[in-house]
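The structure appears right after this line, and notes come after that.
Quick note: residue numbers are just sequence positions, from 1.
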Amino acid sequence: MRTWSRKNSLSGVKIRSDMDAREAAVLRSLVGSVIGLLRDRAADVPTDELAAMTGLRTGHSTPPEDAALARLLPDFHRRDQSEDGSDTADLNGALRGLHEPDIIDEKLHAGSVILDTLPASGGKIVLTPEQADAWLMGLNDVRLVLGTTLGIDADTPEVLDDEDPRAPHLDVYHWLTWMQDSLVQVLAP
């Protein structure tokens, strides 16, 4: 993949890059996996009688059990951040129930923009600034899921031993990080 570039055209600002077929296949697969996780979560919403009567969409009141999905859909408040020392589980559940469907929709939209604008067999990528913002969100989601799955944290070395089964996947994580950083640099004013 080439670094992202910014071009002014008669139809407005365009953000451009080029990706080979292997890179496109890897990115499409990763984005598809994240979309699948999010769709499964959205489809598994418990029935809520009040929501059914009012037509309001509600989400889960409990956090995801899957660590990668929990990283994409974290609690709104940490227990240690409660101002009065009270348990924040009820607050988190209420906020999650109200906002999780919209958050999932935004994340699904971002993933769909990547899939819609990324040529299946690689090639030129041309984005509007709005599409580039969606790419940033989608790339971040993929990095969060991959990083959580691999157990990447601040103590993870930049290069792993060849015997470590995470080593090839860490290269993909670094590639996603580089791609996201390159896109941020082009979008920065």
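Under the side chain to side chain donor-acceptor pair (under 3.5 Å) criterion, Ser5 pairs with no residue, sequence neighbours left out. With sequence neighbours left out, the side-chain contact (heavy atoms from CB on, under 4.5 Å) criterion links Lys14 to Ser9, Ser11, Arg16, Val126, Thr128. In this structure Gln185 satisfies the side-chain contact (heavy atoms from CB on, under 4.5 Å) test together with Asp181, sequence neighbours excluded. Residues forming a salt bridge (Lys or Arg N to Asp or Glu O under 4.0 Å) with Asp20 (at least two apart in sequence, or on another chain): Arg22. The side chain to side chain donor-acceptor pair (under 3.5 Å) search around Asn8 returns none, not counting sequence neighbours. Residues satisfying the ring-ring contact (aromatic ring centres under 6.0 Å, His included) criterion with His99, sequence neighbours excluded, are Phe76. Residues passing the side-chain contact (heavy atoms from CB on, under 4.5 Å) test with Asp105 are Arg57, Asp102, sequence neighbours excluded. Applying the side-chain contact (heavy atoms from CB on, under 4.5 Å) rule to His169 yields the partners Leu150; only residues at least two apart in sequence or on another chain are considered.
Within the model, atoms CG of Leu176 and CG of Asp171 stand 11.0 Å from one another, a figure rounded to the nearest 0.5 Å. A distance of 14.0 Å separates CH2 of Trp175 from CG of Leu170, quoted to the nearest 0.5 Å. One finds the CG atom of Leu95 at 12.0 Å from the OG atom of Ser61 (value rounded to the nearest 0.5 Å). Here Asp66 contributes atom CG and Thr149 contributes atom OG1; the two are 7.0 Å apart, rounded to the nearest 0.5 Å.
When every heavy atom of Leu127 is checked against every heavy atom of Ala132, the shortest pair comes out as CD1-CA, 3.9 Å. The shortest heavy-atom contact between Gly59 and Pro101 is N-CG, 3.5 Å. Across every non-hydrogen atom of Thr148 and Arg71, the tightest pair is OG1-CG, 3.3 Å.
The salt bridge (charged side-chain N to carboxylate O under 4.0 Å, His left out) contacts involving residues 92-101 comprise Arg41-Glu100, Asp75-Arg96, Arg96-Glu100, where partners must be two or more places apart or lie in separate chains. Legend: salt bridge (charged side-chain N to carboxylate O under 4.0 Å, His left out) pairs involving residues 131-152, not counting sequence neighbours, sorted by first then second residue: Lys107-Asp141. Residue pairs satisfying the ring pair (Phe, Tyr, Trp, His ring centres under 6.0 Å) criterion with at least one member in residues 106-160, sequence neighbours excluded, are listed as follows: Trp4-Trp135.
When side chains are defined from C-beta on, Met179 counts as touching Met19, because their heavy atoms get closer than 4.5 Å. Put simply, the side chain of Ile125 does not reach to within 4.5 Å of the side chain of Ile15, judged on heavy atoms. Contact annotation: the side chain of Glu130 never approaches that of Val113 to less than 4.5 Å [non-hydrogen atoms, C-beta and beyond].
Ser121 places no side-chain N or O within 3.5 Å of a backbone atom of Ala21 that could act as its donor or acceptor partner.
By the criterion of side-chain heavy atoms lying less than 4.5 angstrom apart, applied directly or through intervening Ile, Leu, Val, Met, Phe, Trp or Tyr residues, Leu146 is grouped together with Ile152 in one hydrophobic cluster. Hydrophobic clustering (side-chain heavy atoms under 4.5 Å, transitive across Ile, Leu, Val, Met, Phe, Trp, Tyr) groups Leu139 together with Val172. Taken together through direct or relayed side-chain contacts under 4.5 Å among Ile, Leu, Val, Met, Phe, Trp and Tyr, Met1 and Ile114 form part of one hydrophobic cluster. In the hydrophobic clustering of this structure, Leu108 groups with Leu73; members are Ile, Leu, Val, Met, Phe, Trp, Tyr whose side-chain heavy atoms approach within less than 4.5 Å, directly or through other members. Placement of Leu144 and Tyr173 within a single hydrophobic cluster is found when ILVMFWY residues are connected by side-chain heavy-atom separations under 4.5 Å, directly or transitively.
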Listed pairs under 3.5 Å, donor-acceptor, residues 24-37 side chains, sequence neighbours left out:
residue	atom	partner	partner atom	Å
Arg28	NH1	Leu115	O	3.0
Arg28	NH1	Leu118	O	2.7
Ser33	OG	Ser29	O	3.1

Before you tell me yes or no, could you show the steps for Asp116 and Gln131 under side chain to side chain contact (heavy atoms under 4.5 Å, CB included), namely the whole-Å CA-CA distance, both residues' side-chain angles and the distance that decides it to 0.1 Å? CA-CA 10 Å; Asp116 291 345; Gln131 290 169 324; over 6 Å; no
